[in-house]
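Right, one structure below, let's go through it.
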Amino acid sequence: MSAFDTTIRLIYLVAASCFVLGLHLMNSPVTARRGNLLSAAGMVVAVAATFAVLIDAGTVRTVGWLVLGAGALVGAGAGLWAAKTVKMTAMPQLVSLFNAVGGGAAALVAINEVVRHAGTSGMSAQTSVPITLDVVIGAVTFSGSLIAAGKLQGVVASRPVVFPAARLINLGLGVAMATASALLIAGRGGVPLLAMLGLAALAFGVTMVMPIGGADMPVVISLLNAFTGTAVAMAGLVIGNTVLITAGALVGASGGILTKLMADAMNRSLANIIVGGFGTGDNAAPAAVGPGGQVRALSADDAAIQLAYAAKVVVVPGYGLAAAQAQHELRALAELLEARGVDVSYAIHPVAGRMPGHMNVLLAEANVPYSQLKEMDEVNPEFPQADVALVVGANDVTNPAARRPGTAISGMPILDVDKAKSVIVVKRSMGHGYAGIDNELYTDPKTGMYFADAKKALTEMTAAVKVLVG
Amino acid sequence: MSAFDTTIRLIYLVAASCFVLGLHLMNSPVTARRGNLLSAAGMVVAVAATFAVLIDAGTVRTVGWLVLGAGALVGAGAGLWAAKTVKMTAMPQLVSLFNAVGGGAAALVAINEVVRHAGTSGMSAQTSVPITLDVVIGAVTFSGSLIAAGKLQGVVASRPVVFPAARLINLGLGVAMATASALLIAGRGGVPLLAMLGLAALAFGVTMVMPIGGADMPVVISLLNAFTGTAVAMAGLVIGNTVLITAGALVGASGGILTKLMADAMNRSLANIIVGGFGTGDNAAPAAVGPGGQVRALSADDAAIQLAYAAKVVVVPGYGLAAAQAQHELRALAELLEARGVDVSYAIHPVAGRMPGHMNVLLAEANVPYSQLKEMDEVNPEFPQADVALVVGANDVTNPAARRPGTAISGMPILDVDKAKSVIVVKRSMGHGYAGIDNELYTDPKTGMYFADAKKALTEMTAAVKVLVG
Amino acid sequence: MATLTVGVVKETAPGERRVALTPDAAGRLVAAGFSVLVESGAGAAARFLNPAYADAGAEIVSADELYARAGIVLAVKPPPVARLRRGQTVIGLLYATENPGYAGELAARGVTGVDFAGLPRTLSAAQSMDALTSQENIAGYAAAVLAAHTYEGFFPLLVTAAGTVPPARVLVLGAGVAGLQAIGTARRLGAVVTGYDVRPQAREEVASLGAAFLELGTVVSDSGTGGYAKALSDAEQHDEQDELTEHIAKHDVVITTARVRGRRPPLLVTETAIKEMRPGSVVIDLAAGELGGNVEGSVFGETIVTDNGVTVIGAGELPVTMPYAASGAYARNVTALLRHLVRDGALVIDLDDPIQAGVVIR
Amino acid sequence: MATLTVGVVKETAPGERRVALTPDAAGRLVAAGFSVLVESGAGAAARFLNPAYADAGAEIVSADELYARAGIVLAVKPPPVARLRRGQTVIGLLYATENPGYAGELAARGVTGVDFAGLPRTLSAAQSMDALTSQENIAGYAAAVLAAHTYEGFFPLLVTAAGTVPPARVLVLGAGVAGLQAIGTARRLGAVVTGYDVRPQAREEVASLGAAFLELGTVVSDSGTGGYAKALSDAEQHDEQDELTEHIAKHDVVITTARVRGRRPPLLVTETAIKEMRPGSVVIDLAAGELGGNVEGSVFGETIVTDNGVTVIGAGELPVTMPYAASGAYARNVTALLRHLVRDGALVIDLDDPIQAGVVIR
Amino acid sequence: MSAEFLTDLSIFVLSLLVGFEVISKVPSTLHTPLMSAANSIHGIVLSGALLIAVTADNLVGYVIAFLAAAFAAMNVVGGYVVTDRMLDMFRPPASREKQ
Amino acid sequence: MSAEFLTDLSIFVLSLLVGFEVISKVPSTLHTPLMSAANSIHGIVLSGALLIAVTADNLVGYVIAFLAAAFAAMNVVGGYVVTDRMLDMFRPPASREKQ
Ligand SMILES: NC(=O)c1ccc[n+]([C@@H]2O[C@H](COP(=O)([O-])OP(=O)(O)OC[C@H]3O[C@@H](n4cnc5c(N)ncnc54)[C@H](OP(=O)(O)O)[C@@H]3O)[C@@H](O)[C@H]2O)c1
Ligand SMILES: NC(=O)c1ccc[n+]([C@@H]2O[C@H](COP(=O)([O-])OP(=O)(O)OC[C@H]3O[C@@H](n4cnc5c(N)ncnc54)[C@H](OP(=O)(O)O)[C@@H]3O)[C@@H](O)[C@H]2O)c1
Ligand SMILES: NC(=O)c1ccc[n+]([C@@H]2O[C@H](COP(=O)([O-])OP(=O)(O)OC[C@H]3O[C@@H](n4cnc5c(N)ncnc54)[C@H](O)[C@@H]3O)[C@@H](O)[C@H]2O)c1
Ligand SMILES: NC(=O)c1ccc[n+]([C@@H]2O[C@H](COP(=O)([O-])OP(=O)(O)OC[C@H]3O[C@@H](n4cnc5c(N)ncnc54)[C@H](O)[C@@H]3O)[C@@H](O)[C@H]2O)c1
């Protein structure tokens, strides 16, 4: 091997190591940013080395350089612009879009190989298999990711879309892909067959994602991300490039694990999402929805991260805290946050609970210092400064309906929880409180609902905060 | 590549994957055993494949087979016997012994290569560098591990042994090794030079480990274990065997991480242990030792594992629990254990604390149910069944000296904590209690001391139990 | 705009130590534009002295002057009708339903009666005016403390060198406002507390204080209206008593708080039950009143020790034993109610308003 | 082997409701081979009736018979010397050091006095016989409950629709056995508690109950012997009083428990201090006795309300208000002491034994 | 199988193992950034896309090269930038106080 | 550098990364078993030891082969067995009740 080749391979090895270490650092919020930078550094090195290879090869003509330059510039520009201007909430669909083009690029590498040789004849299985896999996976990912992005963006219907004769269509596509693949692998495929395979795979990507509901999209995107990784690894096998193999396999495997973690965190099984999507339409359990609007359900980790990175948290205890006898768990969470430097106080509504002073008796049992208890009049002006209002088993005393006349609680002074920057509500369901009316707070966009018994919820949140901050 | 070669390489790949997954499973006590079995299965497969290679090569003569068979039988038999009969407490030195022979075997592979070619002349750097490294690392590991095992077994003095002129000797050995290595790598070394290198490395292994104290041995053994892994990887590079490379590198890296974890858990820095050993002798801070005997200090994880895997835990609260106001933390730990199915009760001594009923007032604050509180007369017969007695800030009321006449507390009835199968004592130091006398319980071999403020200690133990049981 | 003049009377009922307005609250009313008259010595029994009222901006006057000048008379117990005059308004715990006679006299004299006892209890907006709740709350706390003080053993479990004392077993019958507060307070002191009530919601409410709920096999009841319990039929009541008897004997302290709106309090603890209690036990009857109480043989305002050594306290008016706390809370209720009744400096009677519909005697 | 006969007398001191042996403990002694005589009605004031003793195997006798037959007389307070006879032993809280006269009479009559007050307190083996501790412990608990009962506000903080009541501020002076128990009990009820003592260890002990420790600038003291505090010099005492005065005014309830062995209790709360307290405040003086107490003007056994509305209770003998608990613990101490004194069925006086050296009056 | 392919396969398997091990217990709020980061990494296909140009010599080849380069570049650049933006939320409370 | 060596080096680096990632936060009571398990894995040198015999043809060769085989076999067999014994302590509480 020439010294040049050796150097390039060593550089690729370094780049691959950067990717691994970068991902490693991204496991913790504290080092995540550094990890991303390290990974990016590896990428710059690898791409630079590839340019060196191009130059060294000496066969790239001016047109080639121009084409490459134009392509890279257009792509990079579009990517940069989109990434810089996208709204926080639209990031997932953007990631899906980037994933689509990544999958597309991987497929193109294999397609180029087939086109260049005008077919797969003469190729050994060790080339034709990766080629076929690359095209299939790349194409499925391309169309599937675009649909997923569309669903999240609202361009494509977010609800599960079930085709008539969906099974038949899928069967047809499956047969078509299998046949084409077999022929290609057997070395008997030409460019038209490849085109057919690509089109079938594109169609399959659409029929695969369409019947899945919007709530499951993050998991689907993650799965497609792992697909792209695998496609890239296949592309690497096709052109015998180790950095593609390493990086692709790395993403394939880590993406797979991540997909599983995400599905677990949402209490969904991956098989359910995909097969469910194919078969009967959608069986996602959508978050409970109140009559007034959409409810956002939180996981323990989401709640934990909001709490851990808040500067000021106001806890609003209510009857549910007493019913769950979760006062000790609440105090443990509050102490943990305080140890992190978060300013924690408790907002005591005069009629929270079921007897005068109920919350005092309860919190005294858990030895919450009096100095942290704040009366309604004292704490209400503080809510706008609170990063998080953590409402635990309180309902009526936080219900903004009290401010309007004509409801069962009109005229009752309430805690201005809805003035906080964000709200986390812990309760078991969308059930009513003592007054028996709906609470508009729960459908406020800035409110996240954590549906669980207060004791369980607080224990889980404490554990999640501990994991988070180490 | 022939189909046979391909198959062997694929089998090696499978074996390597088994090692990785085996180690992965060993990260948690729940799956550890399965992990070890998986790893062993990989080993069986890899060794079987190697036998196939031997047969396929067809060059092994009868003598060769006999030699191999005899060697393998002797080694396996000795290993099996030792592993089966060794006492629990002597396991670390046995591991060290196994590590020694592993390192020796790795060195022998390289030595064989040099001997076979009667020197390194004609070898490229890509062979001679790994050979040299293999011999040096293997030999250092061999002698170093033997010394470490000897120290733990008490055959070699366990205290740090400082030679006169230690620096000079080390310098000499260093120069000798460097020179020999340089010559070997440059392709100008013969067998005698190799022998010299080997001997110098053996000597260096001894001078490296001798000045390190017995308390640090576990870390040193782990380090030498990582060394052996690296030596094996080098051996793999020498003979171009991928499974050796993979497995060796795997152990090299994971062993390194593990060494760091172990040093961290003991609050020691690796550099300190090694360099400290070289330089000024030993600066290990030995666990505080009472006048009566050796005290065993526990880490949170050790305590956690004892607690989590106990069937019955009796908590013995004392004045220190009150002084630390750690009642809530204690209850949280107890609840966690109970949730795991551990039977937890509290043994209340009539004069624990500083006022009558002090422990009652304290534990009531933390809402410990009355049904879990047991009086002395009720709980004393239960101690022999307790897997762990967890003593938190109690001292006098557990002191077996009360059973003998002539001490300040003679005649006071005590809690029979020393009858429990194991004891964990949480207090800040070896400080005395109210009566101002030493407590023999602390030097009991089955007692582990957790030196920390009770609040801190209990929080840490709870966190450790959570990590442990997921 | 004419200023409204409110007058705080000195309570005349025997044993009554509360006062309708504290100096603090008087100050708040003055600040809100009221003119406040205080009968000399009105707060003395609650340790609020004349100078404190004067400092808060109130005028200390004689009873005669007060009744003559005040537009609104503030009282705890119903003041003598004879002193009131036409057009005046009187605010207090008048119990018009239970005392139709008094209500009739007020009407005859042309006095508007505003009765805290008529307040709609379940109306969220009315909670700050709910004097029944604020006084019951005090009664519950005081009952638990009184029980601990009267009981001759420890409430908490204590393991000491001089033996282990088991915790006192406390049974609270009726888990309304007073019952719940008694449960919470007794639990704080370390007693093992069991609660019981006929209302089905009470089970969860008792548990929310960490106490056990006593499950009786026979008696099940729905809630009545307004959050109050329904009266039981005679047969049901009998079953309840029988079942309770065996449980009562297992307890060291029994606190009863059961009431049914507008009726004689249900009898829960029979003489038989008391006979079976251990000497030294304590029974506190918060429902004891002129109509009788929850405990057979309890006498309003008296402490009786039975032959078998059980102390029975007819503690129907415990808030008067904590006049400082009770007056403070009552005064808050009074000011909240005044704020609701008075608009633009004038008393506006509006019977369409659900709160006024409840409190204003018609 | 002759059986030892112990006799339980009916206490004659006014107000004393305890009894030296409970039926339970009597049963244990009978089982241990003692013959137990109980004066008829000895336990009545503590609600232990004759039949209960008889059931436990004791013999109910008249006072005359008791004094005639008993080898060992068990009492709480010193029984009249005139009734005792030569060779008899009397066990009780005799306070021989404080009452040298009584001790002399016993000696003159040839009666062996065994005095719980002489027990070496810091000796671990003696803890189960420590009647001072067991009774002080009850006093501390009872003091906190009495304070809560007497105080006319809430101990805990309560946020209610009728306003927020701040928690009571309780100051406990002297953090020995009684003081610590009072601190713990008041804290349970939700009061904000501060403790103070001259012994340096007390700081940590008070904190171990979750209460705040009051740091005084001027007064520092070492512990004396036997775990007891050293007496302060007059100047020190004066400084202490002065410094305490300003702190006392900031508290709603003050409980004092300071004692110095063999001396008049130190005066901690002066009249000036009480004058500066808020009307409605409560002061409980556990040290009140014939020699005086910690509080200026407190009278043993009496409740005084000062002109500025502060209630001062001279509660020197609170254990008698909880005769059930107090007798139970005392009886345990008695049986433990008997177990120690009696070997093989006979009373063995051995002044080399540190416990006997303390309790046996010489 | 060629030795070269076998090598590539070994590397593939080992990389899978690394990928499998590198993700440990991650807080779920990091799931999306982590996915995004992995997404950027497979942007390495840019290397493959560039290499197409080595052999491209007709229109089809150039079109493919252009598309592949554009796609891959978008993946890489956009991916890293958007990940970085997501990670913005993990600045410690203190440094955000001055908002 | 030969392509083969480069491959071996790649495999070496990737294996290092795997080893680096595979150990996560381990309870310290597992440290010794884990060390012991890793120790058994490097017993794979047995493969290398066996391969010595392929070329061995003189006394020195045989002695080396014998020693290497014995050493390595001891490492492998003893290592796995002792690890298994160490892991005995992690049987759940229930299954140990019957002791
Ligand atoms: N303080 C008093 O004196 C008094 C007396 C009587 C009535 N009230 C009235 O009671 C109400 C008090 O308001 P609030 O906000 O404290 O309570 P609330 O409005 O009654 O709401 C309590 C909420 O807690 C949730 N919950 C119940 N058990 C739970 C558990 N185990 N874990 C988690 N959540 C649980 C319930 O929702 P899920 O079922 O969805 O979990 C419920 O919506 C007011 O309307 C007040 O007027 C007060
Ligand atoms: N109950 C009563 O009525 C009463 C009254 C007076 C005296 N006593 C006497 O007090 C003693 C009570 O026995 P005990 O076993 O409860 O207590 P102890 O013998 O006094 O021992 C308490 C231990 O707690 C440790 N400790 C202190 N602060 C701590 C903290 N923050 N975190 C962790 N540990 C802490 C101390 O050791 P480190 O300094 O090493 O941490 C000390 O050795 C008996 O001797 C009894 O006779 C009892
Ligand atoms: N909305 C609010 O904020 C608010 C405020 C205060 C009270 N309340 C409600 O008002 C209601 C009445 O409370 P209250 O304390 O004034 O009630 P109350 O004084 O009328 O009665 C006390 C308790 O006795 C119980 N009782 C009646 N008959 C009984 C029997 N035979 N056996 C056992 N128990 C019996 C009742 O159920 C009640 O709980 C409660 O439901 C309470 O929750 C609501
Ligand atoms: N070994 C044991 O188990 C045991 C048991 C009981 C008591 N003790 C010890 O015995 C000692 C005495 O306890 P006690 O309760 O009988 O004491 P006590 O009744 O004699 O005095 C009560 C408290 O008043 C304090 N005091 C005295 N002068 C004071 C002043 N001028 N200002 C403020 N405080 C003052 C004393 O320090 C003491 O804490 C304590 O140290 C206690 O810990 C030990």
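In what follows, every chain begins at residue 1, and chains take the letters A, B, ... in the order their sequences are listed.
Proximity to chain D involves both the backbone and the side chain of Phe155(C), based on heavy atoms less than 4.5 angstrom apart. Contacts of Leu158(D) with chain C are made by side-chain atoms alone, with heavy-atom separations under 4.5 Å and no backbone atom involved. For Val305(D), the part lying under 4.5 angstrom from a heavy atom of chain C is the side chain only.
Among the candidates Ala46(C), Ala148(C), Ala142(C), Ala326(C), the residue making the largest number of heavy-atom pairs closer than 4.5 Å to chain D is Ala148(C). Ranking Ile138(C), Val165(C), Leu49(C) against chain D, the residue ahead of the rest is Ile138(C), based on heavy-atom pairs under 4.5 Å. The residue among Gly280(D), Ala336(D), Ala131(D) with the most heavy atom pairs within less than 4.5 Å of chain C is Gly280(D). Taking Ala331(C), Ala162(C), Gly163(C), Ala325(C) one by one and counting their heavy-atom pairs under 4.5 Å with chain D, the maximum is reached by Ala162(C).
In this structure, the separation between CD1 on Ile284(D) and CG on Leu146(D) is 4.0 Å, given to the nearest 0.5 Å. Considering CG of Leu74(D) and CG of Leu29(D), their distance stands at 7.5 Å, rounded to 0.5 Å.
Ile183(D) places none of its side-chain heavy atoms less than 4.5 Å from the side chain of Val170(D). Looking at heavy atoms from C-beta onward, Phe154(C) lies out of side-chain contact with Leu189(C) at the 4.5 angstrom threshold. Put simply, the side chain of Val310(C) reaches to within 4.5 Å of the side chain of Val283(C), judged on heavy atoms.
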Task: Verdict with reasoning, Leu119(D) to Leu132(D), per side-chain contact (heavy atoms from CB on, under 4.5 Å) - done: CA-CA 9 Å; Leu119(D) 196 83; Leu132(D) 283 180; over 6 Å; no
Open item on the list: Is there a side-chain contact (heavy atoms from CB on, under 4.5 Å) between Leu286(D) and Leu318(D)? Walk through the geometry before answering.
Closed with: CA-CA 8 Å; Leu286(D) 287 195; Leu318(D) 278 183; 3.3 Å; yes
- [ ] Any chance you could lay out the side-chain contact (heavy atoms from CB on, under 4.5 Å) test for Ile91(D) and Leu341(D), step after step, and finish with the verdict?
- [x] CA-CA 11 Å; Ile91(D) 299 182; Leu341(D) 295 180; 4.2 Å; yes
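Across Ile355(C) and Ala126(C), no two heavy atoms sit closer than the pair CD1-CB, 3.9 Å.
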What would the table of donor-acceptor pairs between chain D and chain C look like if you include every N and O pair under 3.5 Å, whether backbone or side chain?
from	atom 1	to	atom 2	distance (Å)
Arg17(D)	NH1	Glu152(C)	OE2	3.4
Arg17(D)	NH2	Glu152(C)	OE1	3.4
Arg17(D)	NH2	Glu152(C)	OE2	2.4
Arg47(D)	NE	Glu152(C)	OE1	3.1
Arg47(D)	NH2	Glu152(C)	OE2	3.1
Tyr141(D)	OH	Phe155(C)	N	3.0
Glu152(D)	O	Tyr324(C)	N	3.4
Glu152(D)	O	Ala325(C)	N	3.1
Glu152(D)	OE1	Arg17(C)	NH2	3.4
Glu152(D)	OE1	Arg47(C)	NE	3.1
Glu152(D)	OE2	Arg17(C)	NH1	3.4
Glu152(D)	OE2	Arg17(C)	NH2	2.4
Glu152(D)	OE2	Arg47(C)	NH2	3.1
Phe155(D)	N	Tyr141(C)	OH	3.1
Arg188(D)	NH1	Leu189(C)	O	3.0
Leu189(D)	O	Arg188(C)	NH1	3.0
Tyr324(D)	N	Glu152(C)	O	3.4
Ala325(D)	N	Glu152(C)	O	3.0

